[in-house]
There are 2 protein chains.
Amino acid sequence: MLWERAREPHAHRWSLPGGGLGDDEDVEASIRRQLAEKVDVRQLSHVEQLAVFSNPARVPGLRVVATAFLGLVPSHIDPVVPSDTAWYPVDALPATAFDHEAICRRARSRLASKLSYTNLGFALAPPEFTISALRSLYSAALGYKVSATNLQRVLSRRGLLEPTGGTVQPGPSGGRPAALFRFVSGEMRVTDPFAVLRPPSTRSLGS
Amino acid sequence: MLWERAREPHAHRWSLPGGGLGDDEDVEASIRRQLAEKVDVRQLSHVEQLAVFSNPARVPGLRVVATAFLGLVPSHIDPVVPSDTAWYPVDALPATAFDHEAICRRARSRLASKLSYTNLGFALAPPEFTISALRSLYSAALGYKVSATNLQRVLSRRGLLEPTGGTVQPGPSGGRPAALFRFVSGEMRVTDPFAVLRPPSTRSLGS
DNA sequence: CCAGGTTTTCGCCTAACGGTCGAAAACACG
DNA sequence: CGTGTTTTCGACCGTTAGGCGAAAACCTGG
């Protein structure tokens, strides 16, 4: 979600939402407050620190140190945004202000990694979804096609996925009706990454 | 590596090395400069951002936002440090200043995770080492015993380990001489994490 | 109502990976 | 030379992930 700057420096270029840190808030409270001016905060399904960007020349003529965040919104949410704000695909950004393109790249990279070795994914999906829809989300976030079969098995084996019992009607071109799934409640926050060198002999399933 | 504070606040408690950000440096240059006053910077095998700690009350009476770093030094290095500075095992910290204990816990957690799903590990090991020595390093960093057999196989299969051909003489209690290994050059920086939902059919070995 | 097309689901197969164990190798010491 | 110690290596096995194709369940058009 980018915001078109009205003033110099970098007027008419697009920048990430953000702003100064208040005296009585930490950086996460601050970014949530900044976002609340653009979009309903309750729609944020996941927020995590990304990195500090502190190149002395990143903002011309001014010393600005930025703590960048990765914030996710479920795919079924389409928040209304102000007229100077718009959504852009991360693969086709417009001309950005400052180092915000690098920040976006970093965020995309972080998202792709965490989708693979954590249970992040609940943060992208709506409450109920088909495997095809989830596959589209993962493919879009990762940048390459994933197998629907494998995606369902991997997530199920980790105990993250649960069938709701419902189905959706097929589209006009036909096809078998798709079953609906949800992420099991209780797993709706990011857990520890899947570990590969495990402690001996106490089956921990990487939890 | 902790440093005993001489002045208030939190006098005589132990704190992580650090200091203010200069006008012409980014945060990484700053922490490297701060560390250079304590230990030779060239001995740092890995430096990465950990997180921003910005609780308004983290430093009494003063607004201080800290960017915490994880810095690693190979195990064969034993840097000389000033008299007010000392090394402590992360499992047995003394009374720490501010939120520095939480920072240490976070750093330990990050280290353990990255040892498992990246090639970090070269940053802990000396140029040449035996599998037993590497096993000790991993066990200490992870907090639990790992199998020497499995450690060698996992690292070898990822193409990170390479025998030097040399061996070391056994200790006074005997035993077969241990073979020496090194991390393959070219892998001496942290690479992408091992991905579990891979792109289709182009065997990428998770590189 | 049947034939052909479409989309999803599911089981099977296989390769790779990680965890474990035990035997064999290579040394020291008495 | 026998015993004890440490390392190395092969073998086994359950789990995991990737791939494939058949079957299921729907559509549309004739």
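Below, read A as the first sequence line, B as the second, and so on, with proteins coming before strands; counting in each chain starts at 1. Values below: all heavy atoms of this structure, side chains included; hydrogens, waters and symmetry mates excluded.
Residue Ser173(B) places at least one side-chain N or O under 4.0 Å from the OP1 or OP2 atom of dT6(D). Phosphate proximity of dG18(C) to Asn150(B): absent, as no side-chain N or O sits under 4.0 Å from OP1 or OP2. When the side-chain nitrogen and oxygen atoms of Arg157(A) are compared with OP1 and OP2 of dT15(D), none of them lie within a distance under 4.0 Å. Distances shorter than 4.0 Å separate some side-chain N or O of Ser132(A) from OP1 or OP2 on dT8(C).
As judged by a 4.0 angstrom heavy-atom cut-off over every strand, Ala179(A) is placed among residues touching the sugar-phosphate backbone only. Ser147(B) comes within contact range of at least one nucleobase, with a heavy-atom separation under 4.0 Å.
For the pair Leu155(A) CG and dA17(D) C1', the interatomic distance rounds to 12 Å; values are reported in whole Å. Computed from coordinates, the Ile131(B) CD1 to dA25(C) P distance equals 20 Å when rounded to whole Å. One atom, CG of Leu151(A), and another, P of dT8(C), lie 13 Å apart when rounded to the nearest Å. Following rounding to the nearest Å, Phe129(B) (CZ) and dT8(D) (P) show an atom-to-atom distance of 12 Å. The separation between Lys145(B) atom NZ and dT20(C) atom P is 15 Å, rounded to whole Å. Rounded to an integer number of Å, the gap from Leu197(A) CG to dT20(C) C1' is 14 Å. For the pair Gln169(A) CD and dT7(C) P, the interatomic distance rounds to 16 Å; values are reported in whole Å. Across the protein-nucleic acid pair, Arg176(A) atom CZ and dC26(D) atom P stand 8 Å apart, rounded to whole Å.
Two residues, Thr149(A) and Gly175(A), neighbour DNA chain C, and the one matched to the more 5' nucleotide by heavy-atom proximity is Gly175(A). Comparing Gly174(B) and Gln152(B) against DNA chain D, the residue whose closest nucleotide sits nearer the 5' end is Gly174(B).
Between Tyr88(B) and Trp14(B), the ring planes are perpendicular. Angles over 60° get that label, and only those under 30° would be called parallel.
Rounding to the nearest 0.5 Å places CG of Leu134(A) at 6.0 Å from CG of Leu155(A).
With dA17(D), dT8(D), dG18(C) as the choices, the nucleotide that has an atom nearest any side-chain atom of Arg158(B) turns out to be dG18(C).
Checked by distance alone, Arg153(B) brings no side-chain donor or acceptor within 3.5 Å of a matching partner on the base of dG10(D).
Taking the six-membered ring for Trp and the full ring otherwise, Phe129(B) and Phe183(B) have centroids separated by under 6.0 Å.
Contact check on Arg5(B) versus Asp84(B) returns no salt bridge, with no Lys/Arg side-chain nitrogen under 4.0 Å from an Asp/Glu carboxylate oxygen.
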side-chain contact (heavy atoms from CB on, under 4.5 Å) evaluation trace for Leu111(A) with Leu120(A)
CA-CA 8 Å; Leu111(A) 172 60; Leu120(A) 195 66; 3.8 Å; yes

